[in-house]
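Below you'll find the structure, written out as structure tokens, and then a few comments.
FYI, side chains are in, hydrogens and waters are out, and symmetry mates aren't considered; it's all heavy atoms of this structure.
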Amino acid sequence: MGIQYRADVDGLRAIAVGLVIANHAFERFCPGGYVGVDVFFVISGFLITGILVHETSSGTFSLNGFYARRVRRIFPALVLVLATVSILGWLHMMPNELLSLGRNVFASALFSANLMLLSEVDYFDLAARSKPLLHLWSLGVEEQFYLIWPLLLSAVAATRLSSKNTICIVSAISLVSSIYLTRTHSAAAFYLPLTRAWELGAGACLVLFRDEILHLMRSRLYSELAGNLGIAAIAAAAGLFNAKTPFPGAAAIVPVLGAAMFISAPGSFSNTMLSARLPVFIGLISYPLYLWHWPILVFSELLAMRPLSIGERLICVLASLSAALLTFLFVERPIRRRSLVVPPLVGAMGIIVALGITTIEMNGFPNRIPEEIRQAAAVVPGRDFIRYGECHVSATEHGQLSSNCIEKNRKPLVAVWGDSTAAALAAGIYQLDDRVRPGIAQFTLNSCPPVLVGALELPPSCVEANRDIVGRIIKARPDVVLLHAIWNLYWQESVIGPTVRSLKQEGIRTILVGPVPIWEQPLPRLYANYYAARGTALPTRTPEGFRQLPAEDGLRQTAEKLGVQYYSPLAVLCSTSGCLTRTTPNVADIIQSDIVHLTPKGAKFLAKQMVDDLGLAQRIETPEWSGK
């Protein structure tokens, strides 16, 4: 019961890899393209089960032969990609990044990248999009399937159990697990082979229930409906799903069922279209194309030191196609049919494993990079210096704001109200010379600008918390209130007006403080990318890499309309020659810890200038916080 070559299945591979690449390179236009991986799983289950069933029934099955074919199919391109990525990582990555890469090279070479990535879910050393081997999680799932599936089918045959019943039961358990874990532990549902097995099992059922499917396909109408609706289901998932869709879970049924329906109906119009030469050709090189596309995108963005434009991403896709074609012609095809290459390929993969282990043991080879660059690139946002959990809380915890957040024995008393950028500003003021700095009353909330009315994406909990805070501020009677936030969506008079008027009617001096610079990528990442690309430190000021902020001009106009003073951090931190990247000539004194948040040194730098500019400094005699 062998399965003959199906050109349309190669065409379906082209659709699958095309969706994944479109999602990675042009996510806005293909938000659910990640379902291409699920289509690959169905194809793999279909093809591998077909081979196993055929060889088992004909008495030609050999476990060694099966795994040898897998080595010849999988290892050549993978060894090449892992070696290339390791070299590029050595040349262009910071030690913490190379350490992460070493872990993922090691795991990918042992086909357990999915398990490694699952272990890093709560490990915020690197953003996901900076990991060039992130996509190999799916290869880990497939290879774990290849390891277990022939053993399972052999065990079923030896015990004379029903293959159909066994695979259906296993797939049902897997699907239920996927739906449950997607709700309770989404990362585990995404990466674990248990929760993905049903997708491969769907492909396997196309083989095990072949006779029943062939009977249905005798109807031309059913065949056309199955094939065309299958492609339509995959397209709908790719277009309608997005990063917020709970996945895999029940949502994965749509692309999986679509792929299964397509494969079940080889005579439909859609199957005929995907049997054409171009989709079949793309399908033939889909494996190296999948391997190459993500590292090319990641390293291109790393070297560009900014998000890539659409045109640049298109060039990356074309480069991926070229690399895949060369790999197919000069690496895969010459090796695939040579049985004697298996030991050298295993040896080459062993070298890759050793390379990953060495990178881990050497902690990313830190001596490749000057220490000051390493220090700047390793900066991460801090919580302690903004008094997190005491004077800076989430909106739902606003009742936990401590009474110690108000310095009652200092004058002038400056209240700082806003989001986490305001918390950094308050921390900066508190770091100033204790003999001259003003008193501080800090009221700051995670991701909540100081507004009293619902607006756009603002959660109701923010409005509720802010109404409590304005009461606390009025009770504290500060001399000045600084309203500070990112303001990207909330700078209009209709939004800020109620806040300003509620303070002005109490006779409290109110100052609107504009946004700090927002970078296209985390500033420490920009330090790392600049050194990787140019071999020198990022300049003290740079004219590139930060976003233009419409809130700056809009907020200034709002302040004029409301009759309050406006203060611009951008005027302090930026000039015509660019925005500051550090507070002193020392490279390690980086000014921001991510795309927006000031470091302690950056916060102190801004606070000193602001206190001087606004005339808030005053010599005082009682420096302690109340209650201490």
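The shortest distance between side-chain heavy atoms of Pro295 and Thr84 does not fall below 4.5 Å. Side-chain contact between Trp487 and Pro450 is present, with at least one heavy-atom pair separated by less than 4.5 Å. At a threshold of 4.5 Å between non-hydrogen side-chain atoms, the residues Tyr527 and Val379 do not count as touching. Side-chain contact check for Val416 versus Ile429: some heavy-atom pair is nearer than 4.5 Å. Side chains of Leu482 and Tyr567 form no contact here, defined as non-hydrogen atoms less than 4.5 Å apart. Between Leu321 and Leu325, every side-chain heavy-atom pair lies at or beyond the 4.5 Å cut-off. Side-chain contact check for Ile590 versus Pro524: some heavy-atom pair is nearer than 4.5 Å. A 4.5 Å side-chain heavy-atom check between Phe365 and Thr358 finds at least one atom pair inside the cut-off.
Looking at Gln592, its side chain does come within 3.5 Å of a backbone N or O of Pro517 through a donor-acceptor pair. The main-chain N or O of Asp589 is never found under 3.5 Å from a side-chain atom of Arg582 such that the two would form a donor-acceptor pair. Checked by atom type and distance alone, the side chain of His293 pairs as donor or acceptor with a backbone atom of Tyr290 at under 3.5 Å. For Thr558 (side chain) and Trp491 (main-chain N/O), a donor-acceptor pair under 3.5 Å exists by modelled atom type. With Thr581 contributing its side chain and Thr540 its backbone, the two residues share a donor-acceptor pair below 3.5 Å. Of the possible donor and acceptor atoms, one in the side chain of Gln431 sits under 3.5 Å from a partner among the backbone N and O of Pro600. A donor-acceptor pair under 3.5 Å is absent between the side-chain atoms of Tyr530 and the main chain of Pro539, judged by distance alone. Judged by distance alone, the side chain of Ser300 and the main-chain N or O of Leu297 form no donor-acceptor pair under 3.5 Å. Distance alone, capped at 3.5 Å, places no donor-acceptor pair between the Gln565 side chain and the Ile511 backbone. The closest donor-acceptor contact from the side chain of Tyr490 to the backbone of Leu458 lies under 3.5 Å.
Under the 4.0 Å criterion applied to side-chain N and carboxylate O atoms, Asp479 and Arg410 are not assigned as salt-bridge partners. Salt bridge absent: Arg437 and Asp433 never bring a charged side-chain N and a carboxylate O closer than 4.0 Å. For Glu560 and Arg556, the salt-bridge test fails: no basic side-chain N is under 4.0 Å from an acidic carboxylate O.
Listed here is the closest heavy atom pair of Pro132 and Phe299: CB-CE1, 3.7 Å. When all heavy atoms of Ser86 and Val105 are compared, the closest pair comes out as OG-CG2, 3.6 Å. The shortest heavy-atom contact between Ile369 and Met93 is CD1-O, 4.2 Å. For Asp419 against Thr444, the heavy-atom pair with the smallest separation is O-CB, 3.7 Å. Nearest approach of Phe385 to Leu598, heavy atoms of both residues: CZ-O, 3.5 Å. For the pair Phe26 and Val317, the tightest heavy-atom approach, listed with the atom from each and the gap, is CE1-CG2, 4.1 Å.
Every disulfide (SG to SG under 2.5 Å) that Cys579 has, sequence neighbours left out, goes to Cys574.
The side chain to side chain contact (heavy atoms under 4.5 Å, CB included) test with Gln609 singles out one residue from Val572, Leu614, Leu573, and that residue is Val572.
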Subject >> side-chain contact (heavy atoms from CB on, under 4.5 Å) between Arg28 and Ile310, intermediate numbers included >> reply: CA-CA 11 Å; Arg28 183 173 62 177; Ile310 291 179; 3.8 Å; yes

Original post:
Thr421 and His484: side-chain contact (heavy atoms from CB on, under 4.5 Å), yes or no, with the steps?
Top reply: CA-CA 7 Å; Thr421 62; His484 182 38; 3.7 Å; yes

Original post:
Run the side-chain contact (heavy atoms from CB on, under 4.5 Å) check on Val79 and Val331 step by step: do they pass?
Top reply: CA-CA 10 Å; Val79 167; Val331 178; over 6 Å; no

**OP:** Determine, step by step, whether Met94 and Ile373 satisfy the side-chain contact (heavy atoms from CB on, under 4.5 Å) criterion, reporting the C-alpha distance in whole Å, the side-chain angles of both residues, the deciding distance to 0.1 Å, and the verdict.
**Re:** CA-CA 9 Å; Met94 292 294 107; Ile373 300 293; 4.0 Å; yes

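To the nearest 0.5 angstrom, Leu136 atom CG is 11.0 Å from Ser112 atom OG. Between the CD atom in Glu390 and the CG atom in Leu401 there is a gap of 9.5 Å [rounded to 0.5 Å]. Distance CG/Leu98 to CG/Leu88: 11.0 Å, rounded to 0.5 Å. Here Leu318 contributes atom CG and Ser322 contributes atom OG; the two are 7.0 Å apart, rounded to the nearest 0.5 Å. Atom CZ in Phe75 sits 11.0 Å away from atom CD1 in Ile352 (nearest 0.5 Å). From Leu425, atom CG reaches atom CD1 of Ile386 across 12.0 Å, with rounding to the nearest 0.5 Å.
Side chains of Glu552 and Tyr566: a donor on one and an acceptor on the other come within 3.5 Å.
Shown here is Arg368, whose CZ atom has more than 12 heavy atoms of other residues, nucleotides or ligands within 6.0 Å.
In this structure, His135 has its ring center at least 6.0 angstrom away from the ring center of His24.
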